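Have a look at the structure below, then the notes.
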Amino acid sequence: MLEFMDVMPSEVILAESPESDRATLDRATLHASLGAAAMESMNLLNEIAGQYPEAISFAAGRPYEGFYDVAQVHEYLRAFCAYLRVERGMTDRQVARTLFQYGDTKGIITELVARNLAVDEGIEVDPGSVVVTVGCQEAMFLVLRALRAGGGDVLLAPRPTYVGLTGAALLADLPVVGVATGPGGIDLDDLVVELRLAREAGRRVRACYVTPDFANPMGVSMDLSARRRLLDIAVAENILLLEDNAYGLFHDGPEGPGETGRPPTLKALDRDKRVVYLGSFAKTGVPGARVGFAVADQRVADGAGGSGLFADELSKIKSMLTVNTSPIAQAVIGGKLLSNDCSMVAANRPETAIYRRNMRQVLDGLTKRLGDAADVSWNVPTGGFFVVLTVPFTVDDDLLEQAAGRFGVLFTPMHHFFGTTAGFRQLRLSISTLEPAQIDEGLDRLTALITERLADVAR
Ligand SMILES: Cc1ncc(COP(=O)(O)O)c(C=O)c1O
């Protein structure tokens, strides 16, 4: 009986429940992730936003919508089909099959992704190391699923961290050990401490997840020396780094990667194949296409004297999860790359200008409105989408409801990025989707809420 329950718990419950409850499943018998607070975050926040459509939203971390034009989708598809004919020598029939049929699990734009990484990031990779995924989200899950082999395995990640990473780790049954975050991103001293503590406790640390550029939610970035030190730690401690670069292009300085402009990615600095690079075309391409990718150029020994690529192991998991990323969606992203000489930096110049303008307006607007407010502070990111505000009162989902209902403004309470239900005096503002007039009005509304709360605290 016990053995049977281990295999098919829900059927046993159905059989043993009283007649009236026969169709009721007990969540305790479902996957443990379904009871975790982090798994509710996205839906809960969308629900509140959906209830108050008139509220000005600093909550959504979505890209700017002002330049959307359906004609672009057709243009990108045409550009990609022309590439298949001209550069890859396909007949019209082969082009049609490439778009209409099931496709290669690793994707049909791996070569264009490799070109894009060379052009925009100075990263040289073989297309065979690239797996195109259904968003960066799938890439995270594939990597975590592959790395989690036994009960003692853990992942290091900054605390607070992106909800999507927390969720992917929960689904992969891989516990996350939090590492402190400072003004320069992940705290490397704490990383070493946590790594050693985990090992002393008998855990096997598989990797450290990190977003060196404009991390979600903190908006903080690592400087070049911190990046180099993190790579040194990875080599010395023999761990992988999972580099998430969803926002790296949206830098407030010169465009190119290098000492004076955007700092180079970890992958560009990686000489020892320590970095698995997780890419997203959600913010830079077309978010609705749901295309991301992993670069996994590590060798995997098969135990019989041979070896293959980590990308091929990820591809095996993908073949059983999503089979392949929609070729039509890949064609749209491939076409956007081809239309911009494979540079998303070039493709995103108008959007980058908007994000810079919005970030400046939000930071200046906060100074103007709340610069003298006691115990209210915020960080000053040099790009990306997010600013974090610290206040002297608890910011929970009830406060968010009040902000939406009474003040007409939305933000994200920071507890969502700590995987808890409350307890933090911080909120995240996203600057990416708003127009200047909305920013001014939204900041006025936010200031009214904060002023009211400050008066309560003072009482
Ligand atoms: C840190 C981080 N990584 C990745 C993504 C994008 O993931 P996807 O490509 O699945 O949309 C986001 C989007 O919110 C993010 O904040």
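Atoms within each ligand, like the ligands themselves, are counted from 1 in listed order. On a predicted model such as this, the values are computed, not experimentally measured, just so you know. Side chains are part of it too, since the values below use all heavy atoms of this structure and drop only hydrogens, waters and symmetry mates.
- Taking the six-membered ring where tryptophan is involved, the planes of F293 and F281 are tilted, since the angle between them lies from 30° to 60°.
- For Y209 and Y162, the distance between ring centers is not under 6.0 angstrom.
- L337 contributes atom CG, which lies 10.0 Å from atom OH of Y83 (distance to the nearest 0.5 angstrom).
- Residue pairs meeting the ring-ring contact (aromatic ring centres under 6.0 Å, His included) criterion with at least one member in residues 316-347: none, sequence neighbours excluded.
- For ligand 1, the protein residues placed under 4.0 Å by at least one non-hydrogen atom are G135, C136, Q137, Y162, Y209, N216, D244, A246, Y247, S280, A282, K283, R290.
- The aromatic ring centroids of Y247 and F385 lie less than 6.0 Å from each other.
- For the side-chain hydrogen bond (donor to acceptor under 3.5 Å, both in side chains) criterion with D213, the lone passing option out of R262, H251, R227 is R227.
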